[in-house]
Amino acid sequence: MQQSLTHNQHNRFSLHRSIDWTGAFWLASGVPALVLFSMGAIAATVGKPAWLIWIVSISLGLVQAFTYAEVAGLFPHKTGGISVHSSVAWANYNKWIAALCVWCNWVAWGPVLAIGSALAAGYILNVIYPPDAVINTWQITLLDLSFLKAGLSLRINAVFIIGAVMMILVFAIQNGGILRSAKAMMIISLSGLMPLMLIAIVPLITGDLRVNNFYPLTPLAYDSEGYVVSGVWDMAGWSLVAGALFIAAWSTYAFETAVCYTREFKQPSYDTQRALLYSGLLCLFAFVLIPFTFQGHIGLGQMIEPQQLNAEGLVIKPAQYDGMLAADIYSGMGIANAFYTILGGSGIVIDIFVVMLVLALMLAIMTTMSGSSRTLYQGSIDGLLPKYLSQVNQHGAPTSAMWTNLIINLMFLALSDYVFLLASSCVSYIIFNFLTLNSGWIHRLDRPNWKRSYRTPKPLFVMGIAIAFLNVGLMAFGANIWGSGTLLSGLILASISIPLFCWRHYLMDKGELPLSMQEDIQAGHAAVSSRKAGLWPYLALFFSVLLVGGIQFILD
């Protein structure tokens, strides 16, 4: 028999059941704005196939969502999203893996606060000041990280200061509880999503798209002098595609955040599936049309300034390009400028448009603050993460987890390369995704008689498992195109869950999980947990490690 709804016994306050699926939809409405985070980087890296990358990626995400919907309905008393529900399946076989699942979900989502705030700050600075203005060029370097990626450092600049102010503002809004957050995001959504919808629709109506910006479907390549040429589908070409699909997944799969609020739904079994469905449809529209119209309008681009070499033949200044290959498109800072040229705006129209784009990024930041803080909260309640994270305030907001998000993202905000940060965190996202999709069949074997408000059709269920391994392959094959240390950095971030879990489980809890978590793991059996999946969970983990190791061996 499934566990009844419980409250946090360690704290005077608990989360409130105060929203329905529409509230979760508005809370997840910031996900389409994630296209702004990596659209430029993908286009500037893979070239003309970029538009197709987004279509394939959101299609994979939608297939996975059916398994997510089934898993999400199993534990209506839990908040924090799919990773929390998946961790119960894995905890029956290995508690370390359960902690890894929750931790990787948070690591993947955490940087949205820093990256979104930085992009919004960049949009504001670019529209007010010229690129060579002192406010855009000054910085104080705190730490050189070039051993991970050339040019990477920790620094303080104007982007950091403005971004920090925006993060603190989001924290203040969400500290008032889930209902106030949902209402605030509904208001911001109606204006913040408008520019994204206009960008997706207007060029289709006006016909301002050039076919030669989409074809031929060959990977991006350069000749010996740095000029753009059509690449070939060799190992290098396919690695670009793998890397593009790898980093696109961070955005296109993210609408699963709609089920982070199960513990706060008025009718969990009814609201969970609808929140996921309608959030998925919104993302399908955004992730297919926005990159398509963006690429169709500005095109791939050409060299506008050749590279400069020193006497030894070493590059001292890289070549400069326009279009999708421009440096500010890759970083994301120039996306706003490119967007409002699509709409043909000028003067006050540009200013209004930039404000609306900043609101869209605020949506993404608020979505992340809401979802990721609840992941930390529930991970703490379940005994997988530090105990202090289970504290909530009188409004039902997980304040300790929110403070943790804020402080860590202030450190992320100081990084000089946000694409590298995004790619490193995406390693954790793929690990979480793999564990979650495989938890679906583990739950079916261990909990065959539990009531499910939704049951995934078998073909889609099997496809979800296949996609889990495909995602791992894409990570191993393509992660390092974003920097030679990307895969290693991502694995190091994921491994931090080990000391955190050891501290909580062995030092604080003396090797015992909280009673509520034990009851979930036991699957309704009073005496001992049921492990009907046998060795298969271990074999799934073994084959995933073997897949990563094999691909890395081939690439080396």
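Sequence positions, counted from 1, serve as the residue numbers for this chain.
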Hey, does [Y] have a side-chain heavy atom less than 4.5 Å from the side chain of [X]?
X      : Y      : value
Leu145 : Leu415 : yes
Trp96  : Phe501 : yes
Val545 : Leu541 : no
Cys283 : Thr252 : no
Phe292 : Phe214 : yes
Arg444 : Thr456 : yes

[X]: what forms a side chain to side chain contact (heavy atoms under 4.5 Å, CB included) with it, not counting sequence neighbours?
X      : result
Phe543 : Phe469, Leu539, Leu546
Leu547 : Val472, Ile551
Pro459 : Pro457

> In a check of side chain to side chain contact (heavy atoms under 4.5 Å, CB included) between Trp106 and each of Ile408, Leu385, Leu389, which one passes?
Replying inline: Ile408
>> Please identify which of these residues, Leu240, Leu474, Ile42, meets the side chain to side chain contact (heavy atoms under 4.5 Å, CB included) condition with Leu245.
In response: Leu474
Just by distance, with hydrogens left out, do [X] and [Y] show a side-chain donor and acceptor under 3.5 Å apart?
X      : Y      : answer
Tyr68  : Asn433 : yes
Trp90  : Asn438 : no
Ser372 : Asn405 : yes
Asn471 : Tyr253 : yes

At their closest point, which heavy atom of [X] faces which heavy atom of [Y], and how far apart are they?
X      : Y      : result
Pro291 : Val35  : CG-CG2, 3.8 Å
Ala476 : Val548 : CB-CA, 3.9 Å
Leu413 : Gly163 : CD2-C, 3.7 Å
Leu410 : Met167 : CD2-CE, 3.6 Å

> How would you list, by chain and number, every residue that makes a ring-ring contact (aromatic ring centres under 6.0 Å, His included) with Phe294, sequence neighbours excluded?
Replying inline: Phe339
Enumerate donor-acceptor pairs with a distance under 3.5 Å from any side-chain N or O in residues 44-54 to protein atoms, sequence neighbours excluded.
unit_1 : atom_1 : unit_2 : atom_2 : d
Thr45  : OG1    : Ala41  : O      : 2.7
Lys48  : NZ     : Asn212 : O      : 3.0
Lys48  : NZ     : Tyr215 : O      : 2.9
Trp51  : NE1    : Lys48  : O      : 3.3

Do any side-chain atoms of residues 108-123 form donor-acceptor pairs under 3.5 angstrom with protein atoms, and if so which ones, sequence neighbours left out?
unit_1 : atom_1 : unit_2 : atom_2 : d
Trp109 : NE1    : Glu256 : OE2    : 3.3
Ser117 : OG     : Leu113 : O      : 2.7

> Any donor-acceptor pair under 3.5 Å linking the side chain of Ser86 with the backbone of Ser439?
Replying inline: no
>> Go through it in stages, so that I can follow the logic: the residues are Phe246 and Phe477, the test is ring-ring contact (aromatic ring centres under 6.0 Å, His included), and I'd like the CA-CA distance, side-chain angles, deciding distance and then a yes or no.
In response: CA-CA 9 Å; Phe246 159 73; Phe477 195 31; over 10 Å; no
> Between Phe37 and Tyr418, does the ring centroid distance fall short of 6.0 Å?
Replying inline: no
>> Quick check with a 6.0 Å cut-off and a 45 degree axis cone: is Arg455 positioned over the face of Phe66's six-membered ring?
In response: no
